[in-house]
> 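Here it is, the structure, as structure tokens.
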Amino acid sequence: MYLFLPVSFNSFALFGKLHVNMVPKYNPSETETRWQDRWSADRLYQVTEESTSPKWYELTMFPYTSGDLHIGHWYAMAPSDVHARFRRMQGYNVLYPMGFDAFGLPAENAAIRHSIHPFIWTMQNVENMRSQLKRMGSCYDWSREIITCLPEYYKWTQWLFLKLYHGGLAYRAKAPVNWCPLCQTVLANEQVIAEGICERCETPVIKKDIEQWFFRITRYADELLDYSKIQWPERIKAMQTNWIGRSEGVEVGFGLEHPDLADQELRVFTTRPDTIYGVTFAVLAPEHPLVDKLTTPEQRPAVDEYVAHTKTQTEIERLSTDGEKTGVFTGAYAINRLNGERVPLWIADYVLLSYGTGAVMAVPAHDARDFDFARKHGLPIRTVIAPPGWSGRDLDEAYVESGTMVNSARFDGMTSEQGWQAIASYMESQSYGKRTVTYRLRDWLISRQRYWGAPIPMVYCDKCGIVTVPESDLPVELPPDAEFRPTGESPLKYCDSFVHTRCPACEGPARRETDTMDTFMCSSWYMLRYASPDYDQAAFDPDRVNYWLPVDQYTGGAEHAVMHLLYARFFIKAIRDLGLINFDEPFLRLFNQGTIIAQRHKMSKSRGNVINPDQYVAELGADVVRAYLMFIGPWEQGGEWDDSGINGINRWFHRIWTLVTETQEASFPAHTVNSEAEHELLQKTHRTIKKVTEDLERFRFNTMLAALMEFTNYLSKVATDKAVSAAAWRESLRDLLLLLAPTAPHLMEELWALTGNPYSIHTQPFPVWGEQLVAEEEVTLVIQVNGKVRDKIVVPISITQAEARDLALAQPRVKAHVEGKEVTKLVYVPRKLLNLVVK
RNA sequence: GCCGAGGUGGCGGAACGGCAGACGCGACGGACUUAAAAUCCGUUGGGCAUCGCAGCCCGUGCGGGUUCGAGUCCCGCCCUCGGUACCA
């Protein structure tokens, strides 16, 4: 329906080689694939380190091998392609690679459902997606392609795992971890999203106590909070900061009186030591190890029942009680050492074992949760921080702000901030408290009970224990003949040829680790591999990594804020400390494009609203689809896919085609006759160059295209008026093509060739504006009376205030509003406006 | 609840504190055509007024404020979207 119509050619002044009887029309499919083949054959986009130009590493998050590129992929990839092309034309030595995130559960599910091996399924998808990416007109250096599921890549993933292990950053531990019953695997905290559901399949996760492999990301918590070396969107930095959840407080020991305990202390973490005189009870998580020992015989039945009930609850149930604070008394007491008070010990599921010490001191007067709990269970509430103007009466709700300390013995009268420090110091001096920093961030759980991932290169030997696979034996390859069971159990576990091996240390019989690595491990270092994808001595060639890295510009979706983006930052810092690299951050600049939605919802296969760009590409060409996606609105805002406007871009490109191919250069005067018109053309051209350049720098593609449309409209008038010389016309047309080359690489290459220019437009320098040509000589001065616009006058830029005032007062429309009144004030903004305030 | 982004014509969206609505879509009118499509030209925030030319008033989620001047800055709300949530 959107087919380009035949363009009627009346003259061929620009390219006499075309025969008049031919009816040349712009056939996007033919033209675009022809140029794509040529670029590919010429290796136009391959780069090396041998260059005197400054380097620029531009990277887009590589796609998961789901099978098809939908419009969301295009929205992520086309604009970054434009930016990379722009940088290349600006003279940078640009590394702009592409690859595939190829491990993951969907491949394994396909194996179970359709009896196709994950490798075959994945590689078919890679083939398909690679050709779709090429059809987009992208300028990737395909000689550097990486596919994470190939042994030549995951060998180095395993190699890096061993480096972390030897560096003390990978460890195996038993812990209560998130288990997704549908995916049949554990998940990292970051992969459990809102309401405790699995990030991939949205199934509620449950807690399981199993031995797993972890990376010590928590060791880097503080450094991860330092964003001073990167230019990232505030929103992503805020999300990471919240996720890491650093909080400063005091770990306080409460005394315990119990005959069986070696350590007579209950440790709690608090951020409000200033409220310690308000403690009226303490609460332990139901799973807290002391619960069993402390519970008195009378309370045991109630406690046991509550603990058992908590265990059966899923995360969702436990969290969805909506503020309903349940709990039971253990019968035991602890001593608040500041005032010697005995406080009852309760257990309640609002206290989490995984945070802080798994126990809290409860100050109902100054904590909303403790307040609810105290109200519900009839526990006392004692005010120790007085709100401003406090009458001394009981509080109606918890007062959590700062105030003046009361009921706090010798700390009374201090502000809560002073009291915080004073009490913390006092407790430290008495050795039962210590200033501590606690984080919400947990170590990264990286093992998965799945087949389609990089095997963890570890061996279990009855004699030697846990033994690493020697580097020389890498990669530990996935067995091709594993059996995919409909139950979803890990195929590796039941693959004898894989499991049974020899111990690298003692040569005796041993078992392989059957867990594989989280796919986020593969994507934590892929940006390094692109620098030297052929290197076979290590994961990367230090020289080439030092040349290209860090990534100068990274682009991708915000959904990876606390997954991929956090893991990659950790990973770079970790291997820096192992001496493998010498920089601190993987991605210097980050730009997050928004989400493209359809029918008000995120596109998803399950919702059935996935837009496939192929039909649009076939009818209109990739150039039109690229440009339309960029024209919808600001890139960072995303937007709704609605094809009703796509014809506007189609028409515009058509107009450019006509303008270039039908305008006879010979019909313009050979020499300048109207210098004013020519000067204006020059100015408009250079102002457009400036606008387009600045917009490309800032990823403001929509306004860049608007400026180019305006410029095209202007050139159409110039082509009609023919008041400029042929040379001036040729120059401006040439700049139009160059400015649009990153956006519409095929059409511009075609027009560039048709106008007799040497191949290729994409190796040309980007136009540069002249400052003197963008400067204004005349400006439109807005004349206001009492802030309302009454007239506009065109004046030379050199006009003085007095001249402007006199000129303004002489305007009839201004006169009408000033006459008979007194001008009490005059606001003059040079080059902008003149405001007359009258009374 | 907390953090972040946003709210502007029929629609997508422009606008260093200084002409609100660039650019595009759609709609309407005209040219071309046997006709339609495509293309080209024109109009297009609302209201008043006008043969036409001018002209006047209102208008950027709501309510205040700062300023000669506010879509833009400040204070208080409402709504939408994204993230996060018993984190002590």
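A quick note: this is a predicted structure, and the numbers were derived from the prediction, not measured. Below, read A as the first sequence line, B as the second, and so on, with proteins coming before strands; counting in each chain starts at 1.
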> Does the pair A:D695/A:K691 count as a salt bridge with the N-to-O cut at 4.0 Å?
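Yes, this pair counts.
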> Using a cut-off of strictly less than 4.0 Å between a heavy atom of the residue and any atom of RNA chain B, enumerate the qualifying residues of residues 706-717 of chain A by number.
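RNA chain B contact set from residues 706-717 of chain A: A:A706, A:M709, A:E710, A:N713.
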> Is the distance between the ring centroids of A:W346 and A:F373 under 6.0 Å?
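Aromatic pair counts; centres sit under 6.0 Å.
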> Going by a 90° cut-off around 0, is B:G9 syn or anti?
syn
> Where does RNA chain B pair, written as one dot-bracket string 5' to 3', with Watson-Crick or G-U pairs under 3.5 Å, ( ) inside the strand, [ ] for crossing pairs and | for another strand?
(((((((..(((.....[....)))((((((.......))))))((((......))))..(((((..]....))))))))))))....
> Tell me, please, which residues at least two apart from A:Y567 pass ring pair (Phe, Tyr, Trp, His ring centres under 6.0 Å).
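A:W444, A:F520.
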> Give the residues of residues 779-793 of chain A touching RNA chain B, defined as any heavy atom closer than 4.0 Å, sorted by residue number.
A:V782, A:Q784, A:K788, A:V789, A:R790, A:K792
> Would you classify A:P233 as touching base, sugar-phosphate or nothing, given that sugar-phosphate means primed atoms plus P, OP1 and OP2, and contacts are heavy atoms under 4.0 Å?
nothing
> Using a heavy-atom cut-off of under 4.0 Å over every strand shown, decide if A:H366 touches base, sugar-phosphate, or nothing.
nothing
> Considering every strand and a 4.0 Å limit on heavy-atom distances, what is the contact class for A:R440: base, sugar-phosphate, or nothing?
base
> Select base, sugar-phosphate, or nothing to describe what A:T357 touches, counting heavy atoms under 4.0 Å on all strands.
nothing
> For this output row, return yes or no: ring centroids of A:Y628 and A:W641 closer than 6.0 angstrom.
yes
> Restricting to side chain to side chain contact (heavy atoms under 4.5 Å, CB included), what partner residues turn up for A:L826, sequence neighbours left out?
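Partners of A:L826 by the side chain to side chain contact (heavy atoms under 4.5 Å, CB included) criterion, ordered by chain and then number, come out as A:Q801, A:R805, A:Y828, A:L834, A:L836.
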> Return the polar atom pairs (N/O with N/O) between nucleotides 26-28 of chain B and the protein under 3.5 Å, or none.
{"from": "B:G26", "atom 1": "OP2", "to": "A:R651", "atom 2": "NH2", "distance (Å)": "2.9"}

> What's A:R700 touching, base or sugar-phosphate or nothing? Going by heavy atoms closer than 4.0 Å.
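Contact class for A:R700: sugar-phosphate only.
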> Looking for any heavy atom pair under 4.0 Å, which part of the strands does A:N835 touch: base, sugar-phosphate only, or nothing?
base
